[in-house]
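No hydrogens, no waters, no symmetry mates; every other heavy atom, side chains included, goes into these values.
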Amino acid sequence: MPRAPLPATSVVRPARPEDAAALAALSQPFVRAGALRRRPASLYAAHAADFVVAEGSDGALEGCLALRVHAADAEGGRGPAGVLYNFCVARHRQGSGLGGRLLRAAVARARSQSVGSLFTATVGSGSLFLRHGFTPAGVRLAPPAWATSLDPRRNARVLARTL
């Protein structure tokens, strides 16, 4: 059953450090389901600048997606690469187009920071990423610090997109 369209009053904006508790709460159902890694609220506060959030008309966060930019690989000759992580949309907003809005905002942010390629890891189908130009990729092209942080027990699929 399709969800209600996203109300016009919902806004996608950069996260602020004071959003940390709401980001942690929004992420908890996905952590419990095994879709996201557990992160302390202090990490959300420290890395708030990585996130774009969707804020409903009532002020509640309805979704989030983070972008971490990794420096250019001098040895490999590649430019900066981005990693998308902690992507979640509140259950009552799933299927409303909110995930696509967050993903487009994160891609625009990556472009504005001269990121040449984006990577993500998903334990789900990845269908939204695939619809937005991501394709299956090996970790060898991903930023090494991120690639080595992946937990092989999660059996996540790595997806990438060139910008």
Closest contact, heavy atoms only, [X] versus [Y]:
{"X": "Tyr44", "Y": "Ala24", "result": "CE1-CA, 3.6 Å"}
{"X": "Leu98", "Y": "Glu62", "result": "CD2-O, 3.6 Å"}
{"X": "Phe87", "Y": "Leu36", "result": "N-CD2, 4.1 Å"}
{"X": "Gln113", "Y": "Val69", "result": "OE1-CG2, 3.1 Å"}
{"X": "Cys88", "Y": "Leu26", "result": "SG-CG, 3.9 Å"}
{"X": "Leu130", "Y": "Ser125", "result": "CD1-O, 4.1 Å"}

Are side-chain heavy atoms of [X] and [Y] found at a separation under 4.5 Å?
{"X": "Ser117", "Y": "Leu163", "result": "no"}
{"X": "Leu103", "Y": "Leu84", "result": "yes"}
{"X": "Trp146", "Y": "His70", "result": "yes"}
{"X": "Leu128", "Y": "His132", "result": "yes"}
{"X": "Arg161", "Y": "Val107", "result": "yes"}
{"X": "Asp19", "Y": "Arg13", "result": "yes"}
{"X": "Ser10", "Y": "Arg101", "result": "yes"}

> Counting N and O atoms only, with roles assigned by atom type, does the side chain of Arg109 sit under 3.5 Å from a partner on the main chain of Asp50, one being a donor and the other an acceptor?
Replying inline: yes
[X]-[Y] co-clustered via ILVMFWY side chain contacts under 4.5 Å:
{"X": "Val89", "Y": "Val31", "result": "no"}
{"X": "Leu67", "Y": "Leu61", "result": "no"}
{"X": "Leu102", "Y": "Leu23", "result": "no"}
{"X": "Leu65", "Y": "Phe30", "result": "no"}
{"X": "Val123", "Y": "Val158", "result": "no"}

> Can you name the one residue among Arg39, Arg37, His47 that meets side chain to side chain donor-acceptor pair (under 3.5 Å) with Asn86?
Replying inline: Arg39
> Can you check ring pair (Phe, Tyr, Trp, His ring centres under 6.0 Å) on Tyr85 and Phe51, steps first, answer last?
Replying inline: CA-CA 9 Å; Tyr85 70 97; Phe51 284 86; 5.8 Å; yes
